[in-house]
Number of protein chains: 2
Amino acid sequence: MRPTVHDIADTAGVSLATVDRVLNDRPGVRGVTRAKVEAAIAALGYVRDVAAANLAKSRVYPLVFILPEGDNPFMRGLEAEVRRAGLHSASERTRLSVVTVPAFDAGALAQAIDGAIAENVSGIAVVAVDAPEVSTAVGRAHAAGIPLVTLVSDLAGSGRDHFVGVDNIAAGRTAGSLMGRFLGGRPGPVAVLAGSMRVRDHRERLEGFCAAMAEMPVARAILPVLEGQDDPARSRVLMSECLAAVPDLAGVYSLGAGNQGLVAALADGERDDICVIAHELTAHTRAALEAGTIDAVLNQDAGHEVRSAIRVLRAKADGLPVIAAQERIRLDIFIKDNLPAGPDEDDGN
Amino acid sequence: MRPTVHDIADTAGVSLATVDRVLNDRPGVRGVTRAKVEAAIAALGYVRDVAAANLAKSRVYPLVFILPEGDNPFMRGLEAEVRRAGLHSASERTRLSVVTVPAFDAGALAQAIDGAIAENVSGIAVVAVDAPEVSTAVGRAHAAGIPLVTLVSDLAGSGRDHFVGVDNIAAGRTAGSLMGRFLGGRPGPVAVLAGSMRVRDHRERLEGFCAAMAEMPVARAILPVLEGQDDPARSRVLMSECLAAVPDLAGVYSLGAGNQGLVAALADGERDDICVIAHELTAHTRAALEAGTIDAVLNQDAGHEVRSAIRVLRAKADGLPVIAAQERIRLDIFIKDNLPAGPDEDDGN
DNA sequence: CTGTTAGCGCTTTCAG
DNA sequence: CTGAAAGCGCTAACAG
């Protein structure tokens, strides 16, 4: 049997309370006593049973996730993952809630953050819009001692405690690298369809993409970015115009959530010869991948992100360190052949 | 506060013990009583606190992992992941151990399985060699009521309770698909380097690869399989001979663990123009990917696999159902640009 | 500064 | 068939 607090108490010749004080290094223990206890801990090779500890301190951690509203499928997927995690929140002693705000709206976002601060939650996760109002609101959370992590899209030089999401420059590079290889020697420029250059993840993806394309053996023109505001109709129009204007278009990099519009435009123009690389595995991108319209999808696992955000916020709330390496979010590459299970099945890993 | 067993007992007008009997559907409860309790459970929306339950039943589950010995880096990585999981085994109430047996040795493997049965462990995870001796040993485990899962490589028509690993046919298809796209119109045959056709995962990968290559727009010859026994020296020799014999070789699919030898042979022959797709992200493949020798690596996350095996074995030992969708292991595609953190850093997801 | 005691939510004897 | 009571490993009052 593994040693317990009782064993420590016995071999150190002190009471349970004292052992507990040392373990959680709370004040009120003499140096000598502390030393005895620490010796016993080391000698017995004690490891704390976290589950039991959580059970005992029946504290709960109310955490709030602030996400953009609207029909962006990735964001709705994120929301679904938060709710799914909420089911397990039981044993994790957390209470999760979701607040949605208009997309790309810095003011509304700042207000939502202030709302969470007012409710005195124990942690905030927010899909950031990179704007000063947001930064100052994040500063207020910090001042109030409430841990805050940015999710998916980061905020430059703010007081956020941690960023949960992929390395978007690397994501862009990956897209560029695949695009270059898939196109090979085929001539023609590539188009880039984004949501908005106001969010940091989109800017970074573009940067990485251009860098990787520039390193390819075959030089290739990259057309000016089309900003579709992650709106299907708008993205479709922009893309259709582009297809009409650039008959020799060879590829499209869709780095935001405009995929539904993109696929529609490609169907309208009957252009299944174009190499398309998109982000986020959703019902739309999955279908397009299976149909051969999209060639590769880069994905960040929403489930992993949500669980990571929860772990980090809890750790911060408890004043525990975050193991950075453990919280890195991977960039998945999907092609038709390695598509995972179904859209609403979860791998829980 | 969430409802507890006490609340159920109160509203159902029974004792804790009875509630517990119903919850874990143990015998010894009258139909009427059971109904009352179930009504209360439903009414209160009770969800069991698994952590507390585990704490109370201080039962531990000894699980044994049987892995091939030798310097196969993927297998050593698997072993490392088992040990890492062992650290957390605390709160999971499991005790993990590892047994290694000579690679591709069905007799030794069968013997190890019998050994575990004799020790009366609560679960066995085994990297299978696809042979009759192994199947019968698996049958004995089944007869003894010991849950057994195959890990990484499956066993045809055996009594294994579950397979933890990737869909290897899909993995082969993915490799073929990428190889076809990367090579584009470039002429020349491709070689296949395997470990042994005696393990099922290698056979399945080959099958998927050939199928995908056959569907490519450009027809391409696939050379006879080279079986390197996952041994660096042997793989190197085979590969070198192949390079010498086939000067216009366009690509290599390494579907086993012979990557060290493969990379050495390519270096010997100064052939960095060949498109190489390999399996499993290890120190060697990572370095070769960064150097540009290998173009893509398909990976199964050893950490995920180990944790999945543990979850499944525990569930089986407890007679609980396994949520298949949750246990599916993804096939990761890595290129130079989306390589994850470091080789010994874990993402724990 | 240190110890005693009563739980957290669940399981498990052992009596009735 | 059902209930009372004791604990799992840890924390948190409250006394000393």
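Below, read A as the first sequence line, B as the second, and so on, with proteins coming before strands; counting in each chain starts at 1.
Regarding A:K57, its NZ atom lies at a distance of 16 Å from the C1' atom of D:dA13, rounded to whole Å. Between the CG atom of B:N54 and the P atom of D:dC10 there is a distance of 15 Å, given to the nearest Å.
Partners of A:A144 according to the side-chain contact (heavy atoms from CB on, under 4.5 Å) rule, which considers only residues two or more places apart in sequence or in another chain, are A:I117, A:I146. Among residues two or more places apart in sequence or in another chain, the salt bridge (charged side-chain N to carboxylate O under 4.0 Å, His left out) test is passed with B:D7 by none. For A:H6, the side-chain contact (heavy atoms from CB on, under 4.5 Å) partners at least two apart in sequence or on another chain are A:T4, A:L16. Annotation: side-chain contact (heavy atoms from CB on, under 4.5 Å) contacts of A:S15 (sequence neighbours excluded): A:A17, A:T18. Contacts of B:E79 classified as side-chain hydrogen bond (donor to acceptor under 3.5 Å, both in side chains), with partners at least two apart in sequence or in another chain: B:R76, B:R83. Take A:A315 and apply the side-chain contact (heavy atoms from CB on, under 4.5 Å) test, not counting sequence neighbours, and it matches A:L320, A:V322.
If you take CG on A:L109 and OG1 on A:T100, they are separated by 11.5 Å, rounding to the nearest 0.5 Å. For the atom pair CG of B:D20 and CG of B:D25, the computed distance is 11.0 Å after rounding to the nearest 0.5 Å. A distance of 9.5 Å separates CG in B:L44 from CG in B:D10, rounded to the nearest 0.5 Å.
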Only distances under 3.5 Å count here; give the side-chain donor-acceptor pairs of residues 31-43 of chain B to other protein atoms, sequence neighbours excluded, each with its distance to 0.1 Å.
unit_1	atom_1	unit_2	atom_2	d
B:R34	NH2	B:R26	O	3.3

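Shown for residues 10-28 of chain B: residues whose heavy atoms fall under 4.0 angstrom of DNA chain D, namely B:V14, B:S15, B:A17, B:T18, B:R21, B:G28. Residues of residues 29-45 of chain A having a heavy atom closer than 4.0 Å to DNA chain D: none are found.
Using a distance-only test at 3.5 Å, with no hydrogens or angles considered, no donor-acceptor pair links the side chain of B:S153 to the main chain of B:V127.
Inter-residue side-chain proximity for A:D161 and A:V312 is flagged as unmet; no heavy-atom pair is nearer than 4.5 Å.
The salt bridge (charged side-chain N to carboxylate O under 4.0 Å, His left out) contacts involving residues 136-150 of chain B comprise B:D114-B:R140, where partners must be two or more places apart or lie in separate chains.
First and last contacts of DNA chain C with chain B, using any nucleotide atom under 4.0 Å from a protein heavy atom and ordered 5' to 3', fall at C:dG9 to C:dT12.
Each end of the helix from C:dC1-D:dG16 to C:dG16-D:dC1 gets its own axis from five base pairs, and the two axes differ in direction by 40°, given to 10 degrees.
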